[in-house]
Structures are given as C-alpha cells and as structure tokens.
Amino acid sequence: EKQVFQLRAHMYQARSLFAADSSGLSDPFARVFFISQSQCTEVLNETLCPTWDQLLVFDNVELYGEAHEMRDDPPIIVIEIYDQDTVGKADFMGRTFAKPVVKMSDEHYCPPRFPPQLEYYQIYRGNSTAGDLLAAFELLQIGPGGKSDLPPIDGPTDVDRGPILPVPLGIRPVLSKYRVEVIALEHQILMFSIVWGKRSCPWTSHSPHPALDNQHTFSSQDLPENELLHPPLNIRVVDCRAFGRYTLVGSHAVSSLRKFIYRPPDKKAQHWNMTG
C-alpha cells in the first residue's frame with residue numbers, strides 16, 4: 001500500500017567539525033538523503049561550528065507498507081557533511097544517521113511528540129568521531145485533503161533569507177544576547193582569532209613584543225538561552241608571513257563556556273532582602 005509523506009529536516013547547527021582546510025577551518029554544508037531524494041544546506045565559510053538554521057522540505061515522498069509500520073519503524077535519514085572547495089569537488093567530512101518522528105494523517109500535531117525537539121547526532125568519519133549535528137526530523141503523512149492539511153511552517157518574521165527557510169518557531173531555540181570577552185595575559189605570536197557561533201573576532205598585533213598590547217577582545221551575538229546548545233569557542237593561532245600570507249600555528253577548542261558565564265545578581269531579590 002502506497003503512503004505519501006512530506007519530510008521536514010530542521011538543520012540547525014553542527015559543532016566541533018573536522019578542519020578540512022589548511023587555515024584550520026572549513027566551509028561546511030550538509031547533504032540530507034531520504035529514499036530517492038537529497039537536498040543541501042547553504043555553505044557557511046570558515047567555521048567549525050556552522051549555524052545553518054535551515055529547514056529542508058522533501059515533498060511527495062512515496063513509501064510502501066502498512067501505516068503502523070511506517071509510524072513505528074520509518075526509513076533512516078542519512079546526513080553527510082562536506083567541505084566546499086573553490087576548485088574541485090567537495091571534501092567528505094563525516095556522516096550521521098537519524099530517524100524521523102512520524103505523524104499519520106489521522107493524528108493530531110500536538111505535544112508531547114510534536115513539534116519535534118532538536119537533538120544531537122554524533123558525526124563519524126570512518127571509525128572516528130567528527131563532531132555533532134543539532135537537528136530535528138519529522139515525517140508527515142499527506143492525507144486526502146492534500147498538503148493543505150499539514151501543520152503550517154511558522155518561521156520567524158524578522159528574518160528575510162530569500163528562498164532559504166529558517167527553522168520554525170517552536171523548534172528553533174529561544175535566543176538571547178551574549179558577549180564573550182577574552183583576555184590574554186601573554187601570547188608570543190602575531191595574530192589569533194576567536195570563533196564563537198557565527199562570528200570570528202580577529203586579534204592582531206604588529207609589535208615585536210605582542211604580549212604588551214592588544215590583550216583584550218570581544219564578540220557579541222545572539223545564542224540559545226539553553227547553555228547546552230552553545231557552540232564551542234575555537235581559538236586559532238596563525239603566523240603572519242610576507243605578502244599577506246598566513247601559516248596556521250595551532251588551534252584549540254573550549255568545548256563549553258558554562259563555567260565562565262557571568263550571571264548578574266538579581267536586583268529585585270537584593271531590594272527585597274534590604275527592605276526585609
């Protein structure tokens with residue numbers, strides 16, 4: 001028996017990816033395979049923690065079998081991560097697998113199963129781990145009423161990205177403004193960059209004694225309120241050569257900044273204690 005579905009792949013973010021370029025970074029994109037269809041996210045340049053924030057919609061997916069089998073044991077989704085090169089084909093960086101949450105046409109789109117929650121999927125490159133993918137997948141059966149009966153896609157109204165659909169509200173994380181500040185007590189190199197989330201903050205010195213200046217840098221951006229969803233902070237050290245050339249000296253990833261987060265005191269609680 002033929003069943004027709006729509007697959008929604010909510011591709012939010014990847015973290016701690018393999019550094020495929022000599023710069024110590026990559027230009028990653030994800031390709032999602034399901035049955036006979038495949039789609040790609042956009043390419044994000046020079047990052048190991050891309051935040052694609054992109055919804056991929058697979059229409060008219062035809063599956064054969066009993067309805068209860070489809071719901072309980074849907075086909076596997078394959079997700080591959082690639083590094084986009086300016087010349088030649090893209091380089092394979094890793095692969096992971098996922099199963100979608102299935103909604104049949106006679107079921108309601110409501111908690112606790114829907115909307116699906118973002119989950120981490122371990123990415124593998126051969127037998128080695130190669131990062132994590134933060135995503136959610138749902139497979140929605142198209143009933144007699146057609147696609148008009150499917151739940152609407154409620155995207156953020158303040159984002160205009162042309163044909164690219166962002167991850168819908170209710171699935172995407174709630175964001176807050178964060179500012180990361182880095183102070184170097186001593187660094188005997190000419191340049192390094194701090195990469196956190198979507199932004200890179202270069203830190204450059206042309207002094208023969210770089211430990212004496214440029215000791216403070218910062219970056220501000222919107223990140224999830226849930227600290228478990230924060231991307232790692234990547235520090236990349238490069239040596240400045242003649243004619244604008246750079247040589248990678250080394251890199252380091254701070255996997256979690258949770259212990260470094262400053263939480264301002266609750267002024268209302270302080271006021272209550274003083275008046276009490």
Side-chain angles (χ1 to χ4, degrees), residues 5-17 26-34 37-61 77-84 93 96 98-103 109-111 113-121 123 131-140 142 147-179 195-200 219-232:
F5 292 85
Q6 181 188 83
L7 174 71
R8 297 180 182 180
H10 306 279
M11 305 292 290
Y12 187 71
Q13 184 184 84
R15 55 187 294 166
S16 304
L17 295 181
S26 298
D27 305 315
F29 69 93
R31 181 183 291 273
V32 180
F33 300 87
F34 189 66
Q37 300 186 37
S38 70
Q39 292 189 41
C40 294
T41 66
E42 61 179 334
V43 178
L44 297 184
N45 296 322
E46 297 189 332
T47 179
L48 300 180
C49 302
T51 300
W52 294 296
D53 187 13
Q54 188 169 347
L55 166 61
L56 303 178
V57 178
F58 295 70
D59 276 322
N60 299 319
V61 177
I77 303 168
V78 180
I79 307 100
E80 294 182 347
I81 311 297
Y82 291 88
D83 171 61
Q84 181 65 59
M93 297 174 63
T96 189
K99 278 198 172 185
V101 182
V102 181
K103 176 195 171 297
Y109 192 87
C110 61
R113 298 180 68 236
F114 296 97
Q117 300 300 304
L118 294 172
E119 297 182 38
Y120 278 115
Y121 297 89
I123 299 171
D132 299 285
L133 171 69
L134 182 61
F137 305 91
E138 52 185 340
L139 188 62
L140 311 173
I142 300 175
K147 290 190 289 186
S148 59
D149 290 340
L150 295 178
I153 299 174
D154 296 323
T157 57
D158 59 341
V159 177
D160 183 10
R161 297 169 61 188
I164 296 178
L165 296 174
V167 174
L169 299 173
I171 299 176
R172 63 187 292 111
V174 178
L175 303 180
S176 291
K177 181 71 71 176
Y178 283 83
R179 168 173 165 145
V195 185
W196 196 41
K198 294 184 178 180
R199 298 184 182 178
S200 174
S219 174
S220 298
Q221 59 186 296
D222 293 325
L223 291 173
E225 288 186 356
N226 185 349
E227 298 167 7
L228 298 177
L229 303 182
H230 285 180

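Since we're looking at a predicted model, the values are computed, not measured.
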Of L139, V167, I153, V101, the one forming a side-chain contact (heavy atoms from CB on, under 4.5 Å) with R8 is I153

Contact between F33 and I79 at the side-chain level, heavy atoms closer than 4.5 Å - yes or no? no

Interatomic spacing from CD in E42 to CD in Q54 - rounded to 0.5 Å: 5.0 Å

Please find the pair of heavy atoms, one from P100 and one from L7, that lie closest to each other, and give the distance. CB-CD1, 4.1 Å

Determine the minimum heavy-atom distance between L55 and P166, stating which atoms define it. CB-O, 3.7 Å

On a heavy-atom basis, the closest approach of L17 and P28 is CD1-CB, 3.8 Å

Are E138 and H10 linked by a side-chain donor-acceptor pair shorter than 3.5 Å? yes

Should F34 and F5 be marked as a ring pair (Phe, Tyr, Trp, His ring centres under 6.0 Å) after you check the CA-CA gap, both sets of side-chain angles, and the distance that decides it? CA-CA 12 Å; F34 189 66; F5 292 85; 8.7 Å; no

In the structure I gave you, are the side-chain heavy atoms of P231 and T51 within less than 4.5 Å of one another anywhere? no

Run through L133, L229, L228 and flag the one making a side-chain contact (heavy atoms from CB on, under 4.5 Å) with Y120. L229

Where is the tightest heavy-atom contact between Y12 and L175, given as atom of each residue plus distance? OH-CD2, 3.7 Å

Find out whether P116 and I171 are in side-chain contact, i.e. whether some heavy atom of one side chain is under 4.5 Å from a heavy atom of the other. yes

Indicate yes or no: at least one non-hydrogen side-chain atom of V43 is less than 4.5 angstrom from one of P50. no

L44 side chain reached by D27 side chain, heavy atoms, under 4.5 Å: no

Report yes if some heavy atom in the side chain of K99 is under 4.5 Å from a heavy atom in the side chain of F137; otherwise report no. no

Is the closest side-chain heavy-atom distance between P232 and C49 below 4.5 Å? yes

Looking at A135 and Y121, what are the two nearest heavy atoms and their distance? O-CE1, 3.6 Å

Verify whether one side chain among Q13 and R15 offers a donor that lies under 3.5 Å from an acceptor in the other. no

If I take atom OG from residue S26 and atom CD from residue E46, how far apart are they, to the nearest 0.5 angstrom? 10.0 Å

Go through L134 and E119 one step at a time and tell me if the side chain to side chain contact (heavy atoms under 4.5 Å, CB included) criterion holds. CA-CA 5 Å; L134 182 61; E119 297 182 38; 5.8 Å; no

Should the ring pair F29 and Y82 be called parallel, tilted or perpendicular, given that the plane angle runs from 0 to 90° and is split at 30 and 60? parallel

Closest non-hydrogen atoms of D59 and Q6, given as atom of the first, atom of the second and distance, are OD1-NE2, 2.7 Å

Test side chain to side chain contact (heavy atoms under 4.5 Å, CB included) on T41 and L56; report intermediate values, then the result. CA-CA 8 Å; T41 66; L56 303 178; 4.2 Å; yes

Give the intermediate values and the outcome of side chain to side chain contact (heavy atoms under 4.5 Å, CB included) for residues V32 and F58. CA-CA 10 Å; V32 180; F58 295 70; 3.9 Å; yes

Would you please test S176 and E225 for side chain to side chain donor-acceptor pair (under 3.5 Å) and show each step? CA-CA 6 Å; S176 291; E225 288 186 356; 2.8 Å; yes

Any side-chain heavy-atom pair from S16 and L48 closer than 4.5 angstrom? no

